[in-house]
Amino acid sequence: MTTPRSYFERMYAARTDPWDFENRWYDARKHDLTVAALPRRRYRSAFEPGCSTGMLTARLAARADRLLAVDVVPSAVATAAERVEVHTHVRVRQAAMPHDWPDESFDLIVLSELGYYFDDADLATLLTNTRRALEPGGDLVAVHWRRPVDEHARPGDQVHAALAGVPGLTRTARHEENDFLLEVYARTPPPARSVAEREGLA
Ligand SMILES: C[S@@+](CC[C@H](N)C(=O)[O-])C[C@H]1O[C@@H](n2cnc3c(N)ncnc32)[C@H](O)[C@@H]1O
């Protein structure tokens with residue numbers, strides 16, 4: 001079963017920042033690794049579903065001309081919106097993935113600590129919507145915790161195994177630790193190019 005919205009609403013009712021993203025070195029480092037893995041210096045239009053309180057959103061804001069961040073919980077959306085309010089190119093909205101998918105195309109989508117909340121049908125819809133919304137040549141960055149968690153429908157490795165089977169997505173990078181997987185995919189065709197190839201170095 002997909003983890004219900006009520007579960008997250010209870011978490012945010014108890015604490016403004018349920019995962020303590022503002023203080024944990026683990027997450028600060030992982031967010032830094034996530035933006036460091038972006039193959040391009042700058043993106044035209046980026047999408048971050050499941051943005052929570054906006055800690056990763058604030059980092060992504062520096063790399064995109066437009067950024068849409070959404071979360072299913074209104075109070076998380078309010079905290080994230082306040083965090084990034086100086087960035088007028090960032091929109092923060094309430095939306096439930098995978099069905100309230102925005103009617104836009106993006107050259108960057110970031111799935112960070114989200115895919116494991118979905119059952120098989122919803123994960124398939126999430127990945128199909130992701131592929132459809134990515135412009136040809138656009139980048140997808142996916143990052144997921146690997147260890148078992150009661151309220152997760154699956155471990156992060158299963159999310160990344162599902163990603164590997166999506167036609168039209170070609171993996172260009174993989175960072176593996178005992179705690180999490182971080183992968184970058186390109187929407188193909190056109191054929192995926194490395195950063196050095198994109199920069200004319202190879
Ligand atoms: C573990 S946090 C990840 C936050 C952020 N992406 C990061 O990596 O730092 C998961 C977030 O996803 C949100 N979420 C869970 N299910 C969702 C859904 N179906 N649609 C949109 N957001 C969802 C939760 O409310 C929570 O804020």
Side-chain angles (χ1 to χ4, degrees), residues 1-38 46-64 67-84 90-102 106 108-130 133 140-156 159-160 175 177 179-184:
M1 186 185 81
T2 292
T3 308
R5 170 177 165 168
S6 56
Y7 169 82
F8 299 103
E9 284 179 333
R10 277 197 302 276
M11 288 188 82
Y12 283 102
R15 296 174 63 197
T16 311
D17 180 11
W19 289 273
D20 203 18
F21 288 137
E22 290 191 0
N23 298 304
R24 275 195 201 154
W25 165 242
Y26 171 84
D27 289 288
R29 171 181 176 269
K30 185 165 56 72
H31 288 158
D32 285 344
L33 284 166
T34 303
V35 293
L38 299 180
F47 180 45
E48 184 203 7
C51 64
S52 184
T53 58
M55 293 297 284
L56 179 56
T57 317
R59 285 167 167 82
L60 293 169
R63 300 287 293 275
L67 171 61
L68 173 62
V70 305
D71 200 282
V72 71
V73 179
S75 67
V77 169
T79 305
E82 191 178 344
R83 191 181 308 286
V84 298
V90 180
R91 294 165 294 154
V92 188
R93 303 271 184 272
Q94 193 274 337
M97 297 293 106
H99 300 291
D100 292 342
W101 192 268
F106 305 96
L108 173 66
I109 297 178
V110 177
L111 299 180
S112 176
E113 309 296 354
L114 183 69
Y116 41 56
Y117 293 121
F118 300 111
D119 63 19
D120 290 354
D122 282 348
L123 179 62
T125 303
L126 179 84
L127 299 184
T128 300
N129 288 349
T130 297
L140 163 67
V141 179
V143 192
H144 291 91
W145 177 249
R146 304 181 75 185
R147 301 178 190 273
V149 178
D150 283 348
E151 68 271 15
H152 293 184
R154 67 194 70 251
V159 177
H160 288 252
H175 174 94
E177 301 193 13
D179 301 318
F180 69 92
L181 280 180
L182 189 166
E183 294 185 316
V184 183

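In each ligand, atom 1 is the first atom listed, and ligand 1 is the first ligand listed.
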Just verifying a value: how many Å separate Leu33 CG and His175 NE2, rounded to the nearest 0.5 Å?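 So the gap between those two atoms works out to 5.0 Å.
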For [X], atoms of ligand 1 separated by under 4.0 Å from a heavy atom:
| X | answer |
| --- | --- |
| Phe118 | 19 (N) |
| Leu114 | 12 (O), 14 (N), 15 (C), 17 (C), 23 (C) |
| His31 | 7 (C), 8 (O), 9 (O) |
| Ala95 | 20 (N), 21 (C) |
| Ser52 | 4 (C), 27 (O) |
| Ala96 | 20 (N) |
| Tyr12 | 25 (O), 26 (C), 27 (O) |
| Met97 | 18 (C), 19 (N), 20 (N), 21 (C) |

N-O pairing of [X] and [Y] below 4.0 Å:
| X | Y | result |
| --- | --- | --- |
| Glu22 | Arg83 | yes |
| Arg146 | Glu177 | no |
| Asp120 | Arg154 | yes |

Regarding ligand 1, does [X] bring an N or O atom to under 3.5 Å of one of the ligand's N or O atoms?
| X | value |
| --- | --- |
| Val70 | no |
| Ser112 | yes |
| Leu56 | no |
| Tyr117 | no |

Does Leu181 reach the side chain of Val143, with side-chain heavy atoms less than 4.5 Å apart?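 A side-chain contact under 4.5 Å is absent here.
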Identified side chain to side chain contact (heavy atoms under 4.5 Å, CB included) partner of Tyr26 from the options Phe21, Trp19, Phe180: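 Exactly one candidate clears the test, Phe180.
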Does Pro18 come within less than 4.0 angstrom of ligand 1, counting non-hydrogen atoms of the residue?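 False for this residue.
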Would you check whether Val73 reaches within less than 4.0 Å of ligand 1, judged by its heavy atoms?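 Contact check Val73 vs ligand 1: positive.
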Considering heavy atoms of the protein only, find what lies nearest to [atom] and give residue, atom and distance to 0.1 Å.
| atom | answer |
| --- | --- |
| atom 10 (C) of ligand 1 | Glu113 O, 3.6 Å |
| atom 16 (N) of ligand 1 | Phe8 CE1, 3.5 Å |
| atom 5 (C) of ligand 1 | Gly50 O, 3.3 Å |
| atom 22 (N) of ligand 1 | Val72 N, 3.2 Å |
| atom 25 (O) of ligand 1 | Asp71 OD1, 2.7 Å |

Ring-ring centroid check Tyr117 Phe8, cutoff 6.0 Å: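 Tyr117 vs Phe8: aromatic centres under 6.0 Å.
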Minimum heavy-atom separation for Pro49 and Ile109, please, with both atom names.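 Distance-wise, the nearest heavy atoms are CD-CG2, 4.5 Å.
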Can you see which heavy atom on Glu9 is nearest to which on Arg5, and at what distance?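 Smallest heavy-atom distance, with atoms named: OE2-NE, 2.6 Å.
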Does a side chain donor of either [X] or [Y] reach within less than 3.5 Å of an acceptor in the other side chain?
| X | Y | result |
| --- | --- | --- |
| Tyr12 | Thr79 | no |
| His99 | Asn129 | no |
| Glu48 | Thr57 | yes |

